[in-house]
There are 2 protein chains.
Amino acid sequence: MDETSKAIIEQLQQDGRRSYAAIGKAVGLSEAAVRQRVQKLVDSKVMQIVAVTDPLQLGFKRQALLGIKSTGDIIATADRISALPEVDYCVVVAGPSDIIAEVICANDEDLLRIITEIRSVEGVRETETFMYLSLRKQEYNWGTR
Amino acid sequence: MDETSKAIIEQLQQDGRRSYAAIGKAVGLSEAAVRQRVQKLVDSKVMQIVAVTDPLQLGFKRQALLGIKSTGDIIATADRISALPEVDYCVVVAGPSDIIAEVICANDEDLLRIITEIRSVEGVRETETFMYLSLRKQEYNWGTR
DNA sequence: AGTGAAACGACCGTAGA
DNA sequence: TCTACGGTCGTTTCACT
């Protein structure tokens, strides 16, 4: 991970489909060299190039973060929560909660159903719900500040 | 947003650099038609194709979610928090906190400095810190379940 | 790890249904 | 909004440094 690879990542954070040739010009490398580096970055999972979508525009009108307190094995509980398809994000944390999970769903009814489902997961002792009202910032281009 | 566009999105969630021709084969459309639809999806901000990186492998060893209680105008407070470069994610929520923000930084020292900085932002009344221990799930391909 | 060159495939603009 | 097609540009492979 040198400065050149960081410069390549920065280019791809702006536009994931930018051509290797164009990136090469920007960072001062041949097209083939850029391609090899990108390949390595993707293979080693430092970076992935993916489509990120806007939930609201795809008809998913409700999102929430759940703070969860667990009994017993926190990781096992977190992994059971992660297995639910409506959970798109799950992390074990140190703080007032043990686990934070994000859920995405169509409407209030679905949200309530999913929260109920999570509260019935083995190891879940208590949940707090933070319902999304307004997303103010979502950045993917930190690390190249 | 019809089923075909969803199929295209699904392809690009798997690999953001997949060729339009290959996507066309998969969804039963010509290369040009795929290209036009992708263009529209990106222009209308339904989707963006970007590099998503792994903080740990780029030397950012600490991440945390902050639950923030605000006085006065919550949106104004959230936007002041969003303006900080170490904050990569910020959302106004209904629940025990008013705002949830995610911060990414190099080490404990930086994390403490950033939390202190956020606590000094106008409108911030109280903060709770959830320090990341283990990320268990991070999906970008919901919406095509 | 990097370059350069030639063959191949992808992408883009335009025309037409 | 789609397909078809031709010109241009990007990507791939390979030999070489």
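Computed over heavy atoms, backbone and side chain alike; hydrogens, waters and symmetry mates excluded.
- When rounded to the nearest whole Å, the span between CG of B/Asp15 and P of D/dT11 equals 13 Å.
- To the nearest angstrom, C1' of D/dT11 lies 15 Å from NZ of A/Lys25.
- Closest approach to the B/Leu29 side chain among D/dT3, D/dT1, C/dT3 is made by D/dT3 (side chain taken as heavy atoms from C-beta onward).
- Nucleotide D/dT11 holds its P atom 13 Å from the CD atom of A/Gln39, rounded to whole Å.
- Nucleotide C/dC11 holds its C1' atom 19 Å from the CZ atom of B/Arg37, rounded to whole Å.
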Worked verdict on A/Asp108 versus A/Arg62 for salt bridge (Lys or Arg N to Asp or Glu O under 4.0 Å): CA-CA 7 Å; A/Asp108 289 330; A/Arg62 288 289 173 272; 2.4 Å; yes
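- Residues A/Lys137 and B/Asp88 are not paired through a salt bridge, judged by the lack of any N-O separation under 4.0 Å between the basic side chain and the carboxylate.
- Proximity note for B/Ala33 (side chain, C-beta onward) versus D/dT3, D/dG10, C/dG2: the nearest is D/dT3.
- A salt bridge links A/Arg37 to A/Asp2: one of the charged nitrogens lies within less than 4.0 Å of a carboxylate oxygen.
- Checking C/dA1, D/dT3, D/dT11 against every side-chain atom of A/Lys40, the shortest atom distance belongs to C/dA1.
- Using modelled atom types, one side-chain atom of A/Ser120 and one backbone atom of A/Glu117 make a donor-acceptor pair closer than 3.5 Å.
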Salt bridge (Lys or Arg N to Asp or Glu O under 4.0 Å) between A/Arg113 and A/Glu109, intermediate numbers included: CA-CA 6 Å; A/Arg113 184 180 52 73; A/Glu109 194 186 353; over 6 Å; no
Atom pairs under 3.5 Å: protein N/O with N/O of nucleotides 12-16 of chain D:
residue: D/dT12; atom: OP2; partner: A/Arg35; partner atom: NE; Å: 3.3

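- Checking A/Ile99, A/Ile75, A/Ile81 one by one against B/Arg136, the side chain to side chain contact (heavy atoms under 4.5 Å, CB included) holds for a single residue, A/Ile75.
- Between B/Asp2 and B/Arg17, the residue whose closest nucleotide on DNA chain D is further toward the 5' end is B/Asp2.
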